[in-house]
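Here is the structure we will look at, set down as structure tokens.
Side chains included, hydrogens not; waters and symmetry mates left out as well; all remaining heavy atoms used. Ligands are counted one by one from 1 in listed order, and the atoms in each one are counted from 1 as well.
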Amino acid sequence: MTAPDSTTTIRVGGDEGYDVVIGDGVLAGLGDALGPAVKKVLVVHPSTLGARAAALRESLQDRFEVLLAEIPDAEAGKRIEVAAFCWQVLGQADFTRTDAVVGIGGGAVTDLAGFVAATWLRGVRVVQVPTTVLGMVDAAVGGKTGINTNEGKNLVGAFHPPAAVLCDLDLLDTLPRNEILAGFAEIVKAGFIRYPEILDIIEADPDAATDPASPQFRRVVELAIRMKADVVSEDLTEQGLREILNYGHTLGHAVEHAERYQWRHGAAISVGMAFAAELGRLSGRLSDEVADRHRSILELLGLPTTYPAGRWPTLLATMQRDKKSRAGQLRFIVLDDLAKPTVMLAPDQSLLFAAYQEIAS
Ligand SMILES: NC(=O)c1ccc[n+]([C@@H]2O[C@H](COP(=O)([O-])OP(=O)(O)OC[C@H]3O[C@@H](n4cnc5c(N)ncnc54)[C@H](O)[C@@H]3O)[C@@H](O)[C@H]2O)c1
Ligand SMILES: O=C(O)C(=O)C[C@@H](O)[C@H](O)[C@H](O)COP(=O)(O)O
Ligand SMILES: [Zn+2]
């Protein structure tokens with residue numbers, strides 16, 4: 001496999017179509033992505049990317065008035081108080097509807113920055129600059145924005161597609177290895193629900209696949225983004241098809257909540273996919289081979305696939321608030337086979353418990 005030294009552009013369709021641009025150095029295109037009408041720009045970033053954000057301001061300030069908003073790291077940034085802080089900055093700077101927000105950071109930052117952009121004056125332009133693998137392949141693409149509440153994950157939010165997504169692979173140079181691996185949980189998800197080629201590439205050589213300099217990495221990242229772009233182009237507001245992107249998330253979000261958001265999202269989703277595989281197997285939909293492949297590939301990547309047995313009642317209670325629930329009935333995404341996701345409606349409590357027993361530690 002030869003590494004593409006060029007830039008790839010994946011178009012997301014729909015009423016407000018936009019490009020996801022992937023490659024080395026693509027951040028240089030940020031000024032053009034913001035567009036000619038924009039006068040003021042708020043760059044939202046975590047402290048870990050303070051130097052990057054300052055450099056960005058330097059590079060943009062001959063064309064725009066640039067403000068920086070440093071927010072708390074990771075999930076601590078996805079809170080209403082942090083959104084209120086950003087609204088205050090925007091208000092004090094007289095941001096108008098022709099101004100724009102830039103989110104530079106991992107998925108937590110792009111979710112918060114997108115939410116601020118969605119709500120300020122009922123919606124201003126946002127350009128997303130994901131700096132984690134997870135942000136590039138999933139969070140920054142698709143226009144789902146939001147924050148957490150005490151009761152659960154992403155319970156408040158809006159669909160607000162970005163004007164562009166710039167996936168500058170150079171930004172991954174400083175990303176710790178455990179964050180790269182956490183991002184692979186969403187790449188594996190894309191492999192199970194749409195592109196099994198992803199699974200083959202990872203299994204053939206996990207070290208190469210997870211090395212941002214390798215052609216294998218570029219291939220799996222692009223396949224995952226293509227999958228997400230195709231799905232959200234067809235169903236932005238999750239009326240149907242988009243629910244497949246929630247594979248592993250029903251239990252995964254409950255694990256994040258139980259862990260008070262101290263676990264990586266990818267790690268929680270890994271446990272959630274192991275659980276979804278068992279649901280598929282025990283309900284007679286999924287072969288042992290495909291179900292077992294979940295655990296083996298996730299463990300190959302050093303991701304967790306088990307969770308303490310005694311936590312089941314708490315997890316079950318939290319899952320009731322899952323956004324896919326309808327009239328108090330739980331709904332899970334499960335597989336009939338590789339690349340054949342479907343909805344399982346109101347599964348019996350005994351089936352859920354039995355599936356949990358299979359992943360309980
Ligand atoms: N909106 C969506 O469609 C969507 C999809 C998937 C996940 N998400 C959300 O994304 C979040 C998880 O995103 P994440 O895994 O990127 O976590 P994150 O945003 O918490 O970032 C992980 C850590 O990496 C650090 N970091 C980021 N970029 C770095 C870089 N280039 N170099 C060094 N350190 C860097 C951050 O400071 C943070 O400590 C969750 O809140 C999840 O709910 C949203
Ligand atoms: O984009 C989507 O749709 C997804 O479900 C992608 C998920 O990976 C992501 O974690 C998303 O934030 C979950 O959304 P939620 O609506 O279940 O909170
Ligand atoms: Zn996710």
Side-chain angles (χ1 to χ4, degrees), residues 27 44-53 70-79 103-115 118 128-148 152-162 165 167-190 193 212 224 227-229 231-232 235-239 241-250 252-254 256-257 261-270 272-273 319 321-325 331 333:
L27 187 54
V44 181
H45 68 91
S47 59
T48 43
L49 292 165
R52 287 275 186 200
E70 181 178 309
I71 63 166
D73 197 35
E75 294 298 311
K78 283 179 62 170
R79 289 186 299 119
I104 177 164
V109 173
T110 56
D111 273 11
L112 184 276
F115 179 66
Q128 301 286 23
V129 182
T131 63
T132 60
V133 170
L134 192 141
M136 291 182 186
V137 301
D138 197 344
V141 181
K144 248 190 196 181
T145 74
I147 54 176
N148 307 323
K153 178 91 185 174
N154 300 338
L155 291 182
V156 175
F159 292 103
H160 185 64
V165 182
C167 301
D168 189 333
L169 301 174
D170 290 340
L171 295 173
L172 298 178
D173 288 351
T174 54
L175 191 67
R177 175 90 182 141
N178 68 318
E179 294 294 347
I180 293 177
L181 296 175
F184 264 73
E186 303 279 19
I187 294 178
V188 165
K189 176 188 80 177
I193 65 175
M227 181 283 292
K228 180 138 193 194
V231 169
V232 302
D235 179 22
L236 171 66
T237 57
E238 203 169 332
Q239 303 304 305
L241 176 68
R242 187 172 183 155
E243 288 191 329
I244 67 170
L245 302 178
N246 235 244
Y247 188 55
H249 282 63
T250 317
H253 279 168
E256 284 188 271
H257 186 257
Y261 303 113
Q262 298 307 301
W263 270 40
R264 313 298 324 122
H265 176 71
I269 272 27
S270 175
M273 283 192 284
M319 284 195 297
R321 288 176 216 128
D322 181 73
K323 283 179 239 62
K324 295 183 303 304
S325 292
R331 293 156 80 250
I333 305 304

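Shown are the protein N/O/S atoms under 2.8 Å from the Zn ion (ligand 3), given by residue and atom: Glu186 OE2, His249 NE2, His265 NE2.
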For the pair Glu238 and Lys144, evaluate salt bridge (Lys or Arg N to Asp or Glu O under 4.0 Å) and give the outcome as yes or no after the intermediate values.
CA-CA 10 Å; Glu238 203 169 332; Lys144 248 190 196 181; 2.5 Å; yes
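Close approach to Ala74 involves these atoms of ligand 1, each under 4.0 Å from a residue heavy atom: 20 (O). Distances below 4.0 Å separate heavy atoms of Glu75 from the following atoms of ligand 1: 11 (C), 40 (C), 41 (O). Less than 4.0 angstrom separates some heavy atom of Thr174 from each of these atoms of ligand 1: 30 (C), 31 (N), 32 (N), 33 (C). Near Thr48, the atoms of ligand 1 lying under 4.0 angstrom from a non-hydrogen atom of the residue are 36 (C), 37 (O).
Of the listed options Ile147, Ile269, Leu171, Leu171 places a heavy atom closest to atom 31 (N) of ligand 1. The nearest non-hydrogen atom to atom 23 (C) of ligand 1, considering only Glu179, Met136, His249, Lys153, comes from Glu179. Considering only non-hydrogen atoms, atom 8 (N) of ligand 1 lies nearest to Ala139 out of Ala139, Ser47, Gly135, Ala268. Heavy-atom proximity to atom 16 (O) of ligand 1, evaluated over Leu134, Thr132, Asn178, Asn154, is greatest for Thr132. The heavy atom nearest to atom 1 (N) of ligand 1, considering only Leu49, Asp111, Leu172, is found in Asp111.
Contact shell of ligand 2 (protein heavy atoms, cutoff 4.0 Å): Asp138, Lys144, Asn154, Glu186, Lys189, Lys228, Arg242, Leu245, Asn246, His249, His253, His265, Lys323.
Met227 has its side chain within reach of Leu245: a pair of non-hydrogen atoms, C-beta onward, lies under 4.5 Å apart.
The shortest N/O to N/O separation between Ala108 and ligand 1 falls below 3.5 Å. Residue Gly107 has at least one nitrogen or oxygen atom sitting less than 3.5 Å from a nitrogen or oxygen atom of ligand 1, judged on distance alone. Where the criterion is an N or O separation shorter than 3.5 Å, residue side chain and backbone included, His253 fails it with respect to ligand 1. In terms of polar-atom proximity, Thr131 is counted as a contact of ligand 1, with an N or O under 3.5 Å from an N or O of the ligand. At under 3.5 Å, a nitrogen or oxygen of Asp73, whether backbone or side chain, sits near a nitrogen or oxygen of ligand 1.
Pairing each heavy atom of Phe115 with each of Val156, the nearest pair is CZ-CG1, 4.0 Å.
Judged by distance alone, with hydrogens and angles left aside, the side-chain atoms of Arg242 form no donor-acceptor pair with the main-chain N or O of Asp235 at under 3.5 Å.
Taking 4.0 Å as the cut-off, Lys228 counts as a neighbour of ligand 1 on heavy-atom distance. In this structure, Glu186 is part of the shell of residues with a heavy atom less than 4.0 angstrom from ligand 1.
Contact check on Glu186 versus Lys228 returns no salt bridge, with no Lys/Arg side-chain nitrogen under 4.0 Å from an Asp/Glu carboxylate oxygen.
Partner of Leu175 under the side-chain contact (heavy atoms from CB on, under 4.5 Å) criterion, out of Thr48, Val133, Leu134, Thr131: Val133 alone.
Protein heavy atom nearest atom 26 (N) of ligand 1, with residue, atom name and distance: Leu175 CD1, 4.0 Å.
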